[in-house]
2 protein chains.
Amino acid sequence: MGPMGDMTEPRWLTDEEHHVWRAYLHATTLLEDHLDRQLQRDAGMPHVYYGLLVQLSQAPRRRMRMTELAKDAKITRSRLSHAVARLEKNGWVRRENCPSDKRGQFARLTDEGMEVLRRNAPGHVAAVRQALFDRLSAEQVKQLGEIMRVMAEGLEPAGPDADLPWLR
Amino acid sequence: MGPMGDMTEPRWLTDEEHHVWRAYLHATTLLEDHLDRQLQRDAGMPHVYYGLLVQLSQAPRRRMRMTELAKDAKITRSRLSHAVARLEKNGWVRRENCPSDKRGQFARLTDEGMEVLRRNAPGHVAAVRQALFDRLSAEQVKQLGEIMRVMAEGLEPAGPDADLPWLR
DNA sequence: CCCATTTAGTTCAACTTTCAAGAATGAGTC
DNA sequence: GACTCATTCTTGAAAGTTGAACTAAATGGG
């Protein structure tokens with residue numbers, strides 16, 4: 001802490017930082033909105049839900065424990081419970097009991113869910129491409145990757161008393 | 001369209017693109033979550049609402065027309081209506097009629113709202129710094145700015161038949 | 001074995017966001 | 001002026017999210 005304690009003037013953002021921050025907020029907001037809309041229209045679900053199906057499709061037996069899935073998707077378990085309930089109603093996911101831990105649940109991607117994914121993957125990839133990868137140079141893609149990696153690292157302290165979403 | 005019409009195999013993401021995309025989703029999700037939590041705890045409102053107050057605080061007479069504010073914040077007018085209603089209940093914003101257009105409304109930041117902003121700005125800036133600017137090199141900050149600028153440009157077609165959030 | 005504690009997951013109530021109308025005013029045209 | 005259409009903003013219901021409380025099962029001492 002500085003010599004003036006809590007009275008120290010905070011380090012405000014420089015002009016450049018301020019502009020970058022605004023650009024960040026605008027770009028990320030617009031993109032998430034765009035993808036949400038595209039998927040809601042074509043696949044009948046928001047982007048986060050689609051992401052859950054993708055995760056499941058890549059898991060060993062197309063199934064994952066709830067907490068593991070929440071952790072990978074960076075969402076709370078509560079949110080996941082609701083999401084899976086909805087996806088189950090759609091017939092795209094099925095819950096299964098975990099034999100080795102009776103508290104546990106698996107979420108498994110059904111064939112129907114797999115099919116939804118197949119049908120919508122091209123459109124989704126196209127949307128991501130069009131918004132991001134087709135507009136950035138190879139250099140910029142590399143830079144973006146590194147920047148995002150640094151950011152995520154800072155927000156996932158992994159420390160013993162960290163406040164991670166999937167534990168809340 | 002390719003020579004095979006709709007049957008053309010879509011251009012999937014390369015391995016690198018895929019990793020960058022995942023990193024992007026994780027980092028942006030974690031950051032938004034982090035800021036939401038920080039502001040909800042300290043200021044009693046989500047990040048988007050805080051952003052609205054900031055916009056108002058920088059506007060000429062600390063007031064803006066609803067549509068203009070929605071446009072700057074990249075949200076729908078409906079969402080803004082609800083948000084302003086909530087902020088008004090808190091006493092942080094007041095609605096005023098527009099004399100030149102009887103359909104119009106101004107949202108004005110109250111003194112109380114200004115005070116909330118003053119109290120919470122340091123904490124908010126610190127959170128942004130800690131997550132972003134203190135972790136990136138000057139070079140990376142510049143790169144991030146340019147990348148976000150390109151992204152936003154692509155998502156705000158400004159074309160005549162564009163689907164812009166603040167018009168929905 | 002018993003108890004306290006931790007972990008997995010769900011549920012409830014409060015809140016936010018979206019979508020589809022709808023009310024009111026403005027603007028252009030004949 | 002009357003008609004039509006566009007614009008501004010709001011509303012209400014449905015969908016999604018959050019944080020806290022809760023159930024049930026596992027874990028780890030005594």
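The sequence lines fix the lettering, A, B, ..., with proteins before strands; numbering per chain opens at 1.
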query: Between A:His26 and B:Met148, is a side chain to side chain contact (heavy atoms under 4.5 Å, CB included) present by the stated rule, with each step listed?
result: CA-CA 8 Å; A:His26 286 174; B:Met148 292 297 143; over 6 Å; no
Quick one: does [X]'s side chain get under 4.5 Å of [Y]'s, heavy atoms only?
{"X": "A:Tyr50", "Y": "A:Leu117", "value": "yes"}
{"X": "B:Met64", "Y": "B:Asp72", "value": "yes"}
{"X": "B:Met45", "Y": "B:Leu53", "value": "yes"}
{"X": "B:Lys102", "Y": "B:Asn97", "value": "no"}

- prompt: Hey, any chance A:Trp12 and B:Val54 share a hydrophobic cluster, counting ILVMFWY side chains that come within less than 4.5 Å of each other, even indirectly?
  reply: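 Different hydrophobic clusters.
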message: Both B:Glu68 and A:Arg103 contact DNA chain D. Which one's nearest nucleotide lies toward the 5' end?
response: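 Its nucleotide being nearer the 5' end, the pick is B:Glu68.
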message: On DNA chain C, compare the nucleotides closest to A:Asp33 and A:Arg65; which residue's is nearer the 5' end?
response: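 Nearer the 5' end of the strand: A:Arg65.
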If I take atom [atom1] in residue [X] and atom [atom2] in nucleotide [N], what distance separates them, rounded to the nearest angstrom?
{"X": "B:Gln105", "N": "C:dA24", "atom1": "CD", "atom2": "C1'", "answer": "12 Å"}
{"X": "A:Lys89", "N": "C:dT10", "atom1": "NZ", "atom2": "P", "answer": "14 Å"}
{"X": "B:Asn97", "N": "C:dA24", "atom1": "CG", "atom2": "P", "answer": "14 Å"}
{"X": "B:Asp101", "N": "C:dG26", "atom1": "CG", "atom2": "P", "answer": "5 Å"}
{"X": "A:Gln40", "N": "C:dC19", "atom1": "CD", "atom2": "P", "answer": "6 Å"}
{"X": "A:Leu39", "N": "C:dT18", "atom1": "CG", "atom2": "P", "answer": "15 Å"}

field: Any residue of residues 71-84 of chain A with a heavy atom less than 4.0 Å from an atom of DNA chain C
entry: A:Arg77, A:Ser78, A:Ser81, A:His82
Over all strands shown, is [X] touching base, sugar-phosphate only, or nothing at heavy-atom distances under 4.0 angstrom?
{"X": "A:Phe106", "result": "nothing"}
{"X": "B:Arg37", "result": "sugar-phosphate"}
{"X": "B:Arg95", "result": "sugar-phosphate"}
{"X": "A:Asp36", "result": "nothing"}

- prompt: Charged N to carboxylate O below 4.0 Å: is that the case for B:Asp36 and B:Arg41?
  reply: no
field: Whether B:His47 and B:His124 hold their rings parallel, tilted or perpendicular, with breakpoints at 30° and 60°
entry: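 Tilted.
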task: Check whether any side-chain nitrogen or oxygen of B:Arg86 sits under 4.0 Å from OP1 or OP2 of C:dT16, and answer yes or no.
output: yes
message: Reading DNA chain D in the 5' to 3' direction, which nucleotide is the first one with an atom under 4.0 Å from a heavy atom of chain B, and which is the last?
response: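 Using the under 4.0 Å cut-off, the span is D:dT7 to D:dG19.
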task: Could you give me the CA-CA distance, side-chain angles and deciding distance for B:Glu96 and B:Arg63, then say whether salt bridge (charged side-chain N to carboxylate O under 4.0 Å, His left out) is met?
output: CA-CA 9 Å; B:Glu96 290 173 5; B:Arg63 60 178 211 177; 3.7 Å; yes
